[in-house]
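Reading through the structure tokens given below for one structure.
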Amino acid sequence: MAIVKEVTSFADIKVQIVTSSPGLLVYITKNKYEAKGSDAIWFFDTSFEDRKISFVNSFPDIKIQYVNSKSDAGWKNKTHKLQNRIG
């Protein structure tokens with residue numbers, strides 16, 4: 001999700017973390033430059049955000065699952081409405 005900031009209200013995208021049937025597999029990076037322009041590699045920024053996300057338990061815009069390597073990250077649902085619009 002490129003560079004994101006977690007918020008509790010007025011989110012651009014509502015995200016639910018799941019353990020099965022995700023729409024997107026996400027890798028969390030510590031390097032801001034790796035996340036720029038990528039839907040599947042996220043960097044959480046507390047000072048500036050390209051996108052604001054809210055973690056929810058129901059009615060998400062996207063369901064994600066975290067992965068341990070960049071090579072595993074990517075879209076599982078190739079027709080999702082947010083594809084190429086997050087990063």
Side-chain angles (χ1 to χ4, degrees):
M1 196 171 234
I3 301 164
V4 299
K5 180 176 182 178
E6 183 182 353
V7 295
T8 56
S9 61
F10 303 110
D12 294 320
I13 301 170
K14 293 180 216 155
V15 176
Q16 182 178 16
I17 300 171
V18 296
T19 56
S20 64
S21 302
L24 179 63
L25 298 173
V26 173
Y27 174 77
I28 304 298
T29 183
K30 293 180 182 178
N31 300 312
K32 188 174 185 175
Y33 70 89
E34 287 184 316
K36 192 69 174 168
S38 173
D39 286 346
I41 301 174
W42 292 11
F43 174 82
F44 287 93
D45 195 336
T46 58
S47 58
F48 176 81
E49 67 282 350
D50 283 352
R51 297 274 186 252
K52 294 179 289 242
I53 63 167
S54 174
F55 289 102
V56 297
N57 291 321
S58 58
F59 306 109
D61 296 316
I62 182 88
K63 293 180 180 182
I64 69 160
Q65 183 175 355
Y66 291 131
V67 293
N68 293 323
S69 72
K70 284 188 274 188
S71 61
D72 291 335
W75 285 97
K76 297 294 279 181
N77 179 349
K78 302 287 186 189
T79 61
H80 196 281
K81 66 181 180 179
L82 292 176
Q83 188 171 10
N84 297 319
R85 296 182 58 207
I86 298 173

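Nearest heavy-atom pair, Asn84 versus Trp75, reported as atom, atom and distance to 0.1 Å: N-NE1, 4.4 Å. For the residue pair Leu25 and Lys76, the shortest heavy atom distance occurs at CD1-CD, 3.6 Å. Between Gly74 and Ala40, the shortest heavy-atom distance links the atoms N-CB, 3.4 Å. Shortest non-hydrogen contact noted between Pro22 and Ile64 is CB-C, 3.9 Å. For the residue pair Thr29 and Phe43, the shortest heavy atom distance occurs at O-CD1, 3.5 Å. The two atoms that bring Ser69 and Tyr27 nearest to each other are C-CD1, 3.6 Å, heavy atoms only.
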*Evaluate the criterion side chain to side chain contact (heavy atoms under 4.5 Å, CB included) for residue pair Glu6 and Phe55; output intermediate values, then yes/no.*
CA-CA 8 Å; Glu6 183 182 353; Phe55 289 102; 3.5 Å; yes
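Atom CG of Asn68 and atom CD1 of Ile28 lie 11.0 Å apart (nearest 0.5 Å). Rounding to the nearest 0.5 Å gives a distance of 9.0 Å between CD of Gln65 and OG of Ser21. Note that CZ of Arg85 is 10.0 Å distant from CG of Asp61, once rounded to the nearest 0.5 Å.
The hydrophobic clustering, which links ILVMFWY residues whose side-chain heavy atoms are closer than 4.5 Å, places Val56 and Val7 apart. Hydrophobic clustering (ILVMFWY, side-chain heavy atoms < 4.5 Å, transitive): Ile53 and Val18 are in distinct clusters.
Side chains of Asp39 and Leu82 form no contact here, defined as non-hydrogen atoms less than 4.5 Å apart. When side chains are defined from C-beta on, Asp45 does not count as touching Lys5, because their heavy atoms never get closer than 4.5 Å. By the 4.5 Å heavy-atom criterion applied to side chains, Leu24 and Ile86 are counted as neighbours.
Heavy-atom contacts from other residues, nucleotides or ligands closer than 6.0 Å to CG of Asn31 number more than 12.
At distances below 3.5 Å, at least one donor-acceptor pair connects side-chain atoms of Gln16 with backbone N or O atoms of Asn57. One N or O on the side chain of Asp12 and one on the backbone of Lys52 form a donor-acceptor pair closer than 3.5 Å.
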